[in-house]
Amino acid sequence: MTNELEGQTRQDMLRRMLEIRISEEQIQELFLQNLIRGTTHLCIGQEACSIGVAWALQKGDTMTCTYRGHGHALALGMPIKDMMAEMMGKESGCCSGKGGSMHMTDASIGLLGANAIVGAQLPIAVGAALTSQVKKQGSVAISFFGDGATNIGTFHEALNLAAIWQLPVVFCCENNMYGEYSAQHRTTPVTDLAIRADSYNIPGEVVDGQDVETVYEAAKKAVDRARSGDGPTLLEFKTYRYRGHSRTDTGPYRPEGELDQWLQRDPIDILKEKMIADNQLDDTEFNEMKQATERLVHSAIEWAKEEPFPPTEALFADVYYEG
Amino acid sequence: MTNELEGQTRQDMLRRMLEIRISEEQIQELFLQNLIRGTTHLCIGQEACSIGVAWALQKGDTMTCTYRGHGHALALGMPIKDMMAEMMGKESGCCSGKGGSMHMTDASIGLLGANAIVGAQLPIAVGAALTSQVKKQGSVAISFFGDGATNIGTFHEALNLAAIWQLPVVFCCENNMYGEYSAQHRTTPVTDLAIRADSYNIPGEVVDGQDVETVYEAAKKAVDRARSGDGPTLLEFKTYRYRGHSRTDTGPYRPEGELDQWLQRDPIDILKEKMIADNQLDDTEFNEMKQATERLVHSAIEWAKEEPFPPTEALFADVYYEG
Amino acid sequence: MTEMTYREAVCKALADELRADPDVVFFGEDVAEAGGVFKVTPGLYEEFGPERVRDTPISEQAITGAALGAAITGLRPVAELMFADFVPVAMDQIVNQIAKYRYMSGGQFVVPLTIRSAQGGGNGFGTQHSQCAESWLMTAPGIMVVVPATPTDAYGLLRGAIRENNPVYVLEHKGLYNLKEDVPDSTGPMELGKALVRREGSDVTIVATQLMLHRSLEAAEKLAEEGIEVEVIDLRSMVPLDKDTILDSIAKTNRLVVVEESPHSAGWGGDIASLAADEGVYWLDAPVKRVNMGEALIAYSPPLEDGALPNVERIIHAVREVMA
Amino acid sequence: MTEMTYREAVCKALADELRADPDVVFFGEDVAEAGGVFKVTPGLYEEFGPERVRDTPISEQAITGAALGAAITGLRPVAELMFADFVPVAMDQIVNQIAKYRYMSGGQFVVPLTIRSAQGGGNGFGTQHSQCAESWLMTAPGIMVVVPATPTDAYGLLRGAIRENNPVYVLEHKGLYNLKEDVPDSTGPMELGKALVRREGSDVTIVATQLMLHRSLEAAEKLAEEGIEVEVIDLRSMVPLDKDTILDSIAKTNRLVVVEESPHSAGWGGDIASLAADEGVYWLDAPVKRVNMGEALIAYSPPLEDGALPNVERIIHAVREVMA
Ligand SMILES: Cc1ncc(C[n+]2csc(CCOP(=O)(O)OP(=O)(O)O)c2C)c(N)n1
Ligand SMILES: Cc1ncc(C[n+]2csc(CCOP(=O)(O)OP(=O)(O)O)c2C)c(N)n1
Ligand SMILES: [Mg+2]
Ligand SMILES: [Mg+2]
């Protein structure tokens, strides 16, 4: 199977990865300026995972992900404005300000929720896949989670149930080598988490999470498999988060030079270089794309800053569905 | 390694397996007579599992098990009287009548509790193993559970934590092919549950659960390994429960002839035949042993029937430790 | 009129909703081929087939989480957690996910799911299989909680719960499964959140549910013999709570006894008492008494289990206290 | 006197107990090498080493279950569940195992374990990371629950909890970690179950805890300016509950306001109100008011989070209501 997508697709992926990268950089600023409260979890360095998977999906497919879900939301097509407004708790945010940084959710694009409880989103995706199977919708559900999440009970229960019911769901583990401040080997006795698929008799595959085209190919295979009724797959994307776990964490627990090594395999650079090699892009075009994206992100932020907070009555709205 | 224990040990194992078998048969009667309330879960057919493991243990070792734990209690040396009194909710029962059929517990023999919540006993055994490791006690913790329990979250979390801390614990799965009324293949996508050990990078072994000496050898190996600091093991004992899941269940969901096949490999018969072949036992001796055991069980039951119930004040005792 | 047991009423409600709406699915441990461990759901698998009526592995977190995921994508799932004692096993999915999902998303989702469990003591199932789950579930705004006490309510409230477009937890009482009653053939899906005065009385109000309701009614009959007229309210629904029916009764009797089948601490009876102490305080002529398990747990031993659960004598005693 | 923050007090209590008793061990997610996500436990790993101070995988059920197994076999474990919102993730181990273990065994085991979590809202952590856990935990007799509101209590109650031979859940409030206070050097392990009158007053009794206690004290100062003297009680311990201190105060003021940082339904305030409506009913001159989150959840948006949590204004309003 070729590892090369046509030029236009590459362009779109590259632009979207830039949107994620630049948005995340700005989100860090907004957090430091206290325009975003509580906490933020950035996915800078992991952009290829959400983009590669999103590009393998169709309309009607669904996804659950984590508090580190800004990239996933943008990858699925959430407008930057909706995300930035949500970050600041504004009424025009994707969750009307109620969710915040950890809960980017947009039913209209199939994003069924970013979850702040580690592992809780896996069974929820299994349920979405159940709907697809029962209603013969032909849609596929994706659940994103981290390496640390593979040690919690819901991971085990969700994969087992999905396997026994042969549901159309793809479990996507972004192994960024750390769960909070703990390196994988300190909490997890296996190196390749993909082997945990064997406990459920489903395919498990280790995938280079830095090359968006590799991610896409692996996701496409798993998604097609699910769509055609052959059941779930566990994909492990080897990746890395450049920033700390959250908030102001700088990652002091990471060995000297580890980050630098990963910077050599930056997902944006990798795709960019390929495109340049294939005469699909040159530096000027890239810089224009980057500047355009920066303008887009900044205007979204400036717009969001001016948006109103929800009225206090909203407090009691939507605890229950009325009617 | 030889698969033959000396005559005396075989005698003891055989007698204890008979005690379990006969006790369980009587417990069913007592339940039908309503002298035991609620529910009972019998281990008839699975006697070799608890006996083989118990014989591999030393004083100071600990165990947690399930509601199907009568055999485990007797295997560890709980007096039949204590168990029968507990079955009937009498004050002289092992839990002063508070536990009942599902909670056979006796700290004095290392039985840290039979649990009525599927899977809950696994992390508890992990904690006992932690004590052993921290206090350098050289003791080993055992946790018994069933095939169905390997699908619940605590199974996953317990094995992972035990593996990462290299704790002296042996996970003993009695695969009796059914979780309640569901055959294993209907809830579990793998046939050999022992392979789930790979998810934690610990040894997993499939063991014939009907030959008590095979069980003993496998348990001894795993226990010695744990005791010497090499960490946990997952053992899967292939076995079968002759009776239904609980109460009055007769097992209508089981295929024609399945039970008969397993009766060909009855754990008591297997050991008995070996002993006869090795001139360590003859039919008369066996029948004497059986009759003596029947008398023992019956007198324990008659005694327990006459024992008093706890006083109502006991209701509020031991909710908290006073002092 | 059709005579049926509480058990049969639950099964009929499930069957009627599965028939009425193709989006309704039902799953849980051994609920399909085996018809449930309490033999509540026989025949559903045979009638509605393996797509819609499913057995699951022993995975309470996956069962409840899958119900949530299915509910927000177009199904109307009914999930069973066999014993209400297993609510804590799936507590995160129930209180942090199911109850909050609509709210956190700013109202993007409707969550039309139902979870059923058998709860309650009195059957010798021991400490971990005899609990009631109301107080656990009520801590989480976003999920409704209903507690049928009769076959008619078991049928109508379950159908109402399945039709409800919010998550509903239906707690069935083990001790009532064999209770028989003539169920009016006109009974349909019931509105949730309405209490019922099961017995009129002018002297004391008793608020109770399920097994405790039946014991309270028995106590009321005995007390009537000595001329004490007790009004007995069956809450039927813990969330939403029918405050008016409770307050109207207190306004009439000026006395309140709450009977809970649960420990005292953080029990739901506290909310009823605090309602009386707030909006009803000027009507109260006597202390508000709560009859419950106090600090006891349910033990296996028959006399201990009987001692832990409020009984007719203790209810009568409490009523006498507030009449004194 | 040593000035320290609530955060430092917690760490010192852990260090002092780890020093005092070799059986004390401490584990949780990122509590050791990283010193905790709230930076509460730095230095413990360095001083007491990897045997006794351990990081764990993300496995709340295994963490709490292991604490139980360790406690009944001779250790005195302290486990951390980072956020109290994760109590539901480990709810079975906490309420069905830890709280019941001694009872079910007929008193064979002593269960000297402590679990710590950071709870509470006000920091923009959103719906799933801002809850208080009292009401969940109080439903299970067998486990004690303490809620320190000051650095001195954070130190003394935690040491008392670790020494206690029953399971104790210590809930620390995120919003108080930076609170500074002079802690008397004589402070040692404190007895659990004693409330404290933090401010004397003759007109109204307020019962509160943690962040709500501080807001209540602020409200009391403002009300004093208009001549309303509020008595403010800090419960400090939810289980055991110090009924006497509450009742004595009601006997004096004849008015009660309960301030809870939680939804109304099945909140712990119901127990306080029901205590007043039972043993204190003849003293009450006014309705018992509960100031809490009502039916709201905590949302991320600043004005919504601020609106959900009881604040000084709402507390003052409630006091005026009961004075009317
Ligand atoms: C049940 C639960 N336990 C603990 C936490 C706190 N926590 C938030 S993120 C995190 C680390 C998760 O690591 P991983 O799964 O690798 O995802 P990553 O953050 O690396 O993307 C932890 C422990 C939580 N939110 N939920
Ligand atoms: C958490 C939980 N879920 C469900 C049950 C009900 N239940 C009791 S035993 C059982 C089957 C367990 O099967 P298995 O693990 O194979 O053990 P076996 O009974 O065969 O020994 C189930 C589902 C329970 N007790 N706890
Ligand atoms: Mg990670
Ligand atoms: Mg089994």
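All values below were derived from every heavy atom in this structure, side-chain atoms included, with hydrogens, water molecules and symmetry-related copies excluded. So that the names make sense, note that chain A is the first sequence line, chain B the second, and so on, each numbered from 1.
- For chain D, the nearby part of Asn115(B) is the side chain; its heavy atoms alone come within less than 4.5 Å.
- For chain D, the nearby part of Ala317(B) is the backbone; its heavy atoms alone come within less than 4.5 Å.
- In this structure, the portion of Asn166(D) lying under 4.5 Å from any heavy atom of chain B is its side chain and not its backbone.
- Heavy atoms of Ala314(B) lying under 4.5 Å from chain D belong exclusively to its backbone.
- Distance CE/Met104(D) to CE/Met102(B): 10.0 Å, rounded to 0.5 Å.
- Minimum heavy-atom separation, Leu111(B) to Phe109(D): O-CZ, 4.3 Å.
- Residues Gly127(B) and Thr73(D) come closest through the heavy atom pair O-OG1, 4.2 Å.
- Top candidate by heavy-atom pairs under 4.5 Å with chain D, chosen from Thr62(B), Ile124(B), Thr64(B), is Ile124(B).
- Options Gly99(B), Ser132(B), Ala120(B), Ser96(B) differ in how many heavy-atom pairs under 4.5 Å they form with chain D, and the most are formed by Ala120(B).
- Heavy atoms of Leu112(B) lying under 4.5 Å from chain D belong to its backbone as well as its side chain.
- The minimum heavy-atom distance between Ala62(D) and Pro123(B), with the atom names listed, is CA-CB, 3.9 Å.
- Taken from CG in Leu161(B) to CZ in Arg54(D), the straight-line distance is 8.5 Å, to the nearest 0.5 Å.
- No side-chain donor-acceptor contact under 3.5 Å links Gln108(D) and Asp318(B).
- Interface residue Glu51(D): backbone and side-chain heavy atoms are both found under 4.5 Å from chain B.
- Taking 4.5 Å as the limit, every side-chain heavy atom of Lys98(B) sits out of range of all side-chain heavy atoms of Arg102(D).
- When heavy atoms are compared at a cutoff of 4.5 Å, Gln61(D) approaches chain B by way of both its backbone and its side chain.
- Neither the backbone nor the side chain of Ile152(B) comes within contact range of chain D; no heavy atom of the residue lies under 4.5 Å from a heavy atom of that chain.
- Other residues, nucleotides and ligands contribute at most 12 non-hydrogen atoms within 6.0 Å of the NZ atom of Lys243(D).
- In this structure, OG1 on Thr131(B) lies 8.5 Å from CG on Asp23(D), to the nearest 0.5 angstrom.
- Top candidate by heavy-atom pairs under 4.5 Å with chain D, chosen from Ile164(B), Leu167(B), Asp106(B), is Asp106(B).
- There is no contact between Val89(D) and chain B, counting heavy-atom distances below 4.5 Å.
- A side-chain donor-acceptor contact under 3.5 Å links Tyr320(B) to the backbone of Gly142(D).
- Side-chain contact check for Glu157(B) versus Ile58(D): every heavy-atom pair is 4.5 Å or farther apart.
- The heavy-atom pair separating Lys135(B) from Leu75(D) by the smallest distance is CG-CD2, 3.9 Å.
- Heavy atoms closer than 4.5 Å to chain D are found in both the backbone and the side chain of Gln133(B).
- With hydrogens and angles ignored, the 3.5 Å screen pairs a side-chain donor or acceptor of Tyr103(D) with a backbone N or O of Leu315(B).
- Here NE2 of His103(B) is found 9.5 Å from OH of Tyr101(D). Values are rounded to the nearest 0.5 Å.
- Listed for the Ser105(D) side chain is no donor-acceptor partner under 3.5 Å among the backbone atoms of Thr105(B).
- Proximity to chain D (any heavy atom under 4.5 Å) is restricted, for Ala158(B), to the backbone atoms N, CA, C and O.
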